[in-house]
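Everything on this sheet refers to the single structure shown next.
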Amino acid sequence: MKIATFNVNSIKARLPRVLEWLKERNPDVVCLQEIKSLDENFPRMEIEDLGYNIETHGQKTYNGVALLSKFPIEDVQRGLPENTEDDQARYIEAFTGGVRIGCLYLPNGNPIPGEKFDYKLRWMDHLVSHAKTLLAYEEPLVLCGDYNVIPKDEDVFDPARFEGDALTQPATRARYRELMYLGFTDALRVLRPSGADYTFWDYQRGAWQKDNGLRIDHHLLSPQAADILKDCQIDKMVRGGERASDHVPIWIDLDI
DNA sequence: ATGGTAGTTTAACTA
C-alpha cells in the first residue's frame with residue numbers, strides 16, 4: 001500500500017503535473033498540502049477519474065490540505081482537535097485502507113522572533129498532544145506532510161545559512177523530538193540513515209540547479225506502521241518538470 | 001544589504 005505526501009503549492013496551478021504523477025506512480029493514498037483552494041473549487045472530477053475518493057479541508061488563497069484514497073475514507077477529522085481557535089486549514093485526518101492517516105501542513109514560522117513563530121510552536125504543541133491520543137489506539141498510523149522542520153543539519157544543504165531560520169530553531173527541533181520520542185519512526189531515515197535526501201528546493205537563486213535543498217516533508221510512523229514498512233522513496237525528478245512545485249512527492253510502501 | 005521566483009490576486013501576502 002503506497003502512501004504519498006506532496007505539497008503541490010496550488011492544486012489549480014499544479015493539476016497537469018499531479019495527474020501525470022498519479023498515473024505514473026499510482027499511489028493508494030495521497031496527502032496533499034497547500035492546495036490553495038476552497039473545497040468547492042477543488043478539481044474533483046479529474047482526480048476521481050483516476051479512481052480516488054477525495055476529502056478536502058480547503059481555504060481561500062493560502063494553506064489547504066486534502067486526502068485522496070483508492071479505499072473508502074472513514075472517520076474524517078478536519079483541523080487538530082483542541083486547536084479550536086485555529087482559522088488556518090492545515091490538518092486533515094481519516095481512516096482508510098486499514099491505516100489512520102494524518103495529513104499536515106505545519107506553519108513555516110518565519111520570521112523569528114514574532115507572531116508567526118509563536119503560532120508555529122503552539123501548533124506543534126497541539127500536534128504533539130493529538131499524536132499522543134492517536135498512538136494510544138495502537139493501530140497503523142502515518143502522520144505525513146510538510147512539517148517545515150529540518151530535523152538535523154544534514155537535512156539542509158548549508159546549515160550556516162539557516163541559523164536564523166524557523167525551520168532549524170532549537171525550539172522547533174525540541175518539539176519535533178518531543179513528537180518523535182512518543183514512539184514515531186521517520187520512514188526515510190530508518191531505511192536511509194544518512195544522506196542528502198531533500199524534498200524541497202526553493203524557486204529562488206537557482207536552488208534546484210545547485211541542489212540547494214531541504215528535507216522538510218516527512219512520514220512519521222506508529223510502531224504498528226513501522227513494523228510493516230517496506231520502502232520509502234523521494235520522487236526527486238518531479239522537481240525538474242514544467243511548472244513544478246517547489247516540493248516533490250515522497251511515498252512509503254506498507255505491507256498491508 | 002538586497003534581490004532573486006512562484007502563486008494568488010491585482011498590491012501585498014506567503015513561502
Side-chain angles (χ1 to χ4, degrees), chain A residues 5-21 31-44 46-47 56-66 79 86-91 103-124 127 144-151 155-169 171-173 175-176 198-218 234-250:
Chain A
T5 180
F6 189 4
N7 179 324
V8 293
N9 185 13
S10 169
I11 189 61
K12 187 179 167 208
R14 215 64 61 212
L15 189 59
R17 293 285 79 79
V18 170
L19 292 175
E20 179 182 70
W21 169 76
C31 294
L32 300 177
Q33 299 89 34
E34 281 203 272
I35 61 174
K36 296 186 174 179
S37 166
L38 291 166
D39 292 336
E40 56 265 38
N41 295 336
F42 191 88
R44 300 188 67 89
E46 294 90 331
I47 292 173
T56 60
H57 181 35
Q59 74 176 78
K60 192 177 155 79
T61 312
Y62 303 121
N63 312 312
V65 287
D86 194 2
D87 58 354
Q88 301 189 26
R90 295 180 172 275
Y91 186 82
C103 166
L104 63 103
Y105 175 45
L106 209 146
N108 176 293
N110 281 305
I112 56 163
E115 191 64 34
K116 289 183 182 171
F117 190 57
D118 296 342
Y119 172 69
K120 176 177 194 152
L121 298 182
R122 284 202 307 278
W123 206 94
M124 293 185 85
L127 179 62
C144 64
D146 178 357
Y147 278 75
N148 268 314
V149 174
I150 297 168
D155 297 312
V156 49
F157 68 96
D158 183 1
R161 274 202 243 178
F162 280 77
E163 260 171 36
D165 196 282
L167 279 59
T168 61
Q169 284 313 292
T172 303
R173 284 176 165 169
R175 279 164 180 80
Y176 184 77
Y198 304 139
T199 65
F200 166 93
W201 294 260
D202 202 294
Y203 286 123
Q204 302 186 57
R205 306 176 203 89
W208 167 243
Q209 288 74 14
K210 295 184 238 174
D211 197 29
N212 286 348
L214 317 175
R215 189 174 80 94
I216 54 176
D217 301 88
H218 312 297
I234 301 167
D235 285 336
K236 182 171 181 177
M237 291 326 293
V238 170
R239 185 64 178 83
E242 287 277 314
R243 284 196 91 192
S245 172
D246 41 6
H247 296 250
V248 295
I250 306 90

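None of the values given here were measured: they were computed from a predicted structure. Below, chain A is the first sequence line, B the second, and so on; all start at residue 1.
- We find that NZ of Lys36(A) is positioned 15 Å from P of dC13(B), with the value rounded to whole Å.
- Comparing the P positions of dA1(B) and dT5(B) gives a spacing of 22 Å, expressed to the nearest Å.
- Residues Asp211(A) and Trp201(A) bring a donor and an acceptor atom of their side chains to less than 3.5 Å of each other.
- Heavy-atom distances to DNA chain B give each of Gly109(A) and Ala244(A) a nearest nucleotide, and the one nearer the 5′ end belongs to Ala244(A).
- Asp165(A) places its CG atom 11 Å from the C1' atom of dA15(B), with the value rounded to the nearest Å.
- Rounded to whole Å, the C1' atom of dA15(B) lies 15 Å from the corresponding atom of dG3(B).
- Phosphate contact (OP1/OP2 of dT8(B), side-chain N/O of Lys60(A), threshold under 4.0 Å): absent.
- The P atoms of dT2(B) and dA6(B) are separated by 23 Å, rounded to the nearest whole Å.
- The distance between the ring centers of Phe6(A) and Trp21(A) falls below 6.0 angstrom.
- Counting non-hydrogen atoms under 4.0 angstrom, Arg239(A) reaches nothing in the nucleic acid.
- Place Tyr105(A) and Arg205(A) on DNA chain B by their nearest nucleotides, and Arg205(A) ends up nearer the 5' end.
- Regarding Gln209(A), its CD atom lies at a distance of 13 Å from the C1' atom of dG4(B), rounded to whole Å.
- Per the geometry, CG belonging to Asp246(A) stands 7 Å off C1' belonging to dA15(B), to the nearest Å.
- The nearest whole Å value for the distance from the CG atom in Asn63(A) to the C1' atom in dG7(B) is 13 Å.
- The side chain of Ser10(A) approaches dT8(B) more closely than any other nucleotide in the set dT5(B), dT8(B), dA15(B).
- Rounding to whole angstrom units, NZ of residue Lys12(A) and P of dA6(B) are separated by 17 Å.
- Atom CH2 of Trp123(A) sits about 10.0 Å away from atom CG of Asn148(A), to the nearest 0.5 Å.
- Put simply, Arg14(A) has a side-chain N or O that comes within less than 4.0 Å of OP1 or OP2 on dG7(B).
- A straight line from CZ of Phe200(A) to P of dA6(B) spans 12 Å, rounded to a whole angstrom.
- If you measure from atom CD of Gln59(A) to atom P of dC13(B), you get 17 Å, rounded to the nearest angstrom.
- Between the side chains of Lys36(A) and Asn9(A), at least one donor N or O lies within less than 3.5 Å of an accepting N or O.
- Side-chain rings of Tyr176(A) and His218(A) approach one another, their centers coming within less than 6.0 Å.
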